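In what follows, a structure is listed as C-alpha cells, so that the remarks can point back to it.
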Amino acid sequence: MTAMDEAVDRLADAAHTSKPCQPVRDLITDLADAYEVQRRLNARRHTAPVTGRKIGLTSPAVQRQLGVDQPDFGVLFADMEVSGSTRADLLMQPKIEAEIAFMLAADLAGDLDLAVVRAAVEYAVPALEIVDSRIAGWDITITDTVADNASSGLYVLGTDRLPLTAFEPVEATMRMYADDQLVSEGTGAACLGDPLNALLWLARTARDFGDPLRAGQVILSGALGPMVPVTPGTTVRAEISGLGAVAVTFEDKA
C-alpha cells in the first residue's frame, strides 16, 4: 500500500465511522498528491452526480494562518445539497459560512479572464456552506484540507436568483445570524477582493487540471465572513445585500 492509498483509507474510514482521524500530512507532502487523494476519496465516497465545485481559503487571513498564497477547491455532489433543515449530528465537526453561489450557463474551458467568467454566470444566489472536517480538531494544513475534499460537508442555496446585470458581488455586504444573534459579517471584497476573482481562479485551475467547469454547475464562491460552529436546534440565516437571504435549521437529533 502506498502512502497515498493510506491517506485515502484514513479519511474514508473517518467518514464511514464518523470518528475523526489524524491529519494526513505525514503521508502526502504536496498539493498535487493532495488533489489526487481528494479525487480517489471522492470516487470511493460519492455515487451521486457532481453538481459543481466549492472554493476555499479565499480569505487572506486564513491563507496566512495556513501558510499558503492561493485558494483551494473541492467537489460538490447532489447528495450534499440540503434545503430547509438538516441534522448537525450527520456531520462530525460542522461549521457554517455564508457565500455567493454562481450558476453557470456556459462551459469555462478556453482562454479565461474576468469578462469571460462573468458572461458565463447565469445567475447568483445566496448560499450557506456547512463545512466539516474528517480530521480531528480541525488540525489541518493546506494538504490536509485539500485531500479531505476541501473540508466539504453540505450546502444550502437560497431561492433569490439575480443575473450579474442586476447584482455586483464585490459590493455585497453579508450578515449571518444564529436565531436572532449576529454571529458573522463581511463583504464581497473579503473573498479574494471580489467573488468573481475566486471564480476566475477556480475556472483556470479546473481547466488546467483537465476537468473544466461546465454549464449547469453551481460554484460556491468562498466565505464572505468568518465561519462559526453549528449548534443543534438553531436556525442560521444569512442576508446578502442586493441578493437576498438563505436559511437552514439544524434539528436536534431527537
Side-chain angles (χ1 to χ4, degrees), residues 48-56 58 71 73-86 96-131 150 152-177 184-207 211-225 236-248:
V50 172
T51 53
R53 312 283 176 86
K54 61 150 286 183
I55 310 168
T58 53
F73 71 86
V75 182
L76 301 178
F77 295 86
D79 56 2
M80 293 166 61
E81 183 179 359
V82 297
S83 62
S85 65
T86 188
I96 192 166
E97 55 193 25
E99 313 192 3
I100 296 168
F102 299 110
M103 181 62 71
L104 299 182
D107 295 351
L108 289 171
D111 292 334
L112 300 171
D113 58 22
L114 276 174
V116 170
V117 297
R118 177 184 284 271
V121 174
E122 182 178 4
Y123 58 82
V125 58
L128 292 167
E129 184 184 1
I130 305 163
V131 294
S152 297
L154 304 170
Y155 68 98
V156 186
L157 300 180
T159 57
D160 299 294
R161 300 176 175 183
L162 284 179
L164 296 188
T165 54
F167 170 70
E168 189 59 56
V170 71
E171 296 175 359
T173 59
M174 179 279 296
R175 289 182 175 84
M176 187 169 70
Y177 300 85
S184 178
E185 56 187 327
T187 68
C191 180
L192 282 188
D194 184 336
L196 289 173
N197 289 339
L199 178 58
L200 175 59
W201 173 87
L202 175 62
R204 286 173 169 168
T205 302
R207 176 200 61 192
D211 188 15
L213 305 183
R214 298 297 186 186
Q217 291 186 337
V218 60
I219 310 300
L220 300 183
S221 67
L224 304 189
V236 176
R237 182 182 81 261
E239 300 172 351
I240 298 177
S241 66
L243 184 57
V246 57
V248 64

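Position 1 is the first residue of the sequence, and the numbers go up from there. Computed from a prediction, not measured in an experiment: that's the story for all the values here.
- Considering all non-hydrogen atoms of both residues, Ala124 and Leu243 come closest at O-CD1, 3.6 Å.
- Within the 4.5 Å cutoff, the side chain of Ile96 has heavy atoms near those of the Met176 side chain.
- Scanning both residues, Glu171 and Ser241, for their nearest heavy atoms gives O-OG, 4.2 Å.
- Just one of Leu200, Leu213, Leu202, Ile219 meets the side chain to side chain contact (heavy atoms under 4.5 Å, CB included) condition when paired with Leu108; it is Leu213.
- Remark: Arg53 pairs with Asp211 by the salt bridge (Lys or Arg N to Asp or Glu O under 4.0 Å) rule, at least two apart or across chains.
- At least one side-chain heavy atom of Ser184 sits less than 4.5 Å from a side-chain heavy atom of Met174.
- Annotation: side chain of Leu196 is in contact with side chain of Phe102 (closest heavy-atom distance under 4.5 Å).
- Closest non-hydrogen pair, Phe167 versus Gly242, comes out as CD1-O, 3.6 Å.
- Atoms CG and CD1, on Leu192 and Ile55 in that order, are 7.5 Å from each other to the nearest 0.5 Å.
- Counting heavy atoms from C-beta on, the side chains of Val246 and Leu157 never come closer than 4.5 Å.
- Interatomic distance, Ile100 CD1 to Leu162 CG, rounded to the nearest 0.5 Å: 10.5 Å.
- Within a 6.0 Å radius of CG in Asp111, no more than 12 heavy atoms belonging to other residues, nucleotides or ligands are found.
- Note that the OG1 atom of Thr51 and the CE atom of Met103 stand 8.5 Å from one another [nearest 0.5 Å].
- In this structure, Arg175 CZ and Thr187 OG1 are separated by 11.0 Å, a value rounded to the nearest 0.5 Å.
- Using a 4.5 Å heavy-atom cutoff, the side chains of Thr58 and Ser221 are not in contact.
- Counting only distance, with no hydrogens or angles, the side chain of Glu129 and the backbone of Tyr155 share no donor-acceptor pair below 3.5 Å.
- Looking only at side-chain heavy atoms (C-beta outward), Glu81 and Val218 stay at 4.5 Å or farther from each other.
- With contacts defined as side-chain heavy-atom distances shorter than 4.5 Å, the pair Gln217/Leu76 does not qualify.
- For the side chain to side chain contact (heavy atoms under 4.5 Å, CB included) test with Leu128, the passing option among Val82, Leu154, Val156 is Val156; the others fail.
- A distance of 12.0 Å separates CG in Leu224 from CD in Glu185, rounded to the nearest 0.5 Å.
- Considering only residues two or more places apart in sequence or on other chains, Phe77 meets the ring-ring contact (aromatic ring centres under 6.0 Å, His included) condition with His46.
- Residues Gly74 and Ala150 come closest through the heavy atom pair N-CB, 3.6 Å.
- The two residues Ala215 and Asp107 come nearest to each other via the heavy atoms N-OD1, 2.9 Å.
- Shown here for Ala127 and Ala101, the closest heavy-atom pair between the two residues is CB-CB, 3.9 Å.
- In this structure, Arg207 places its CZ atom where more than 12 heavy-atom neighbours from other residues, nucleotides or ligands lie under 6.0 Å away.
- Between the side chain of Lys54 and the main chain of Ser152, no donor-acceptor pair closer than 3.5 Å is present.
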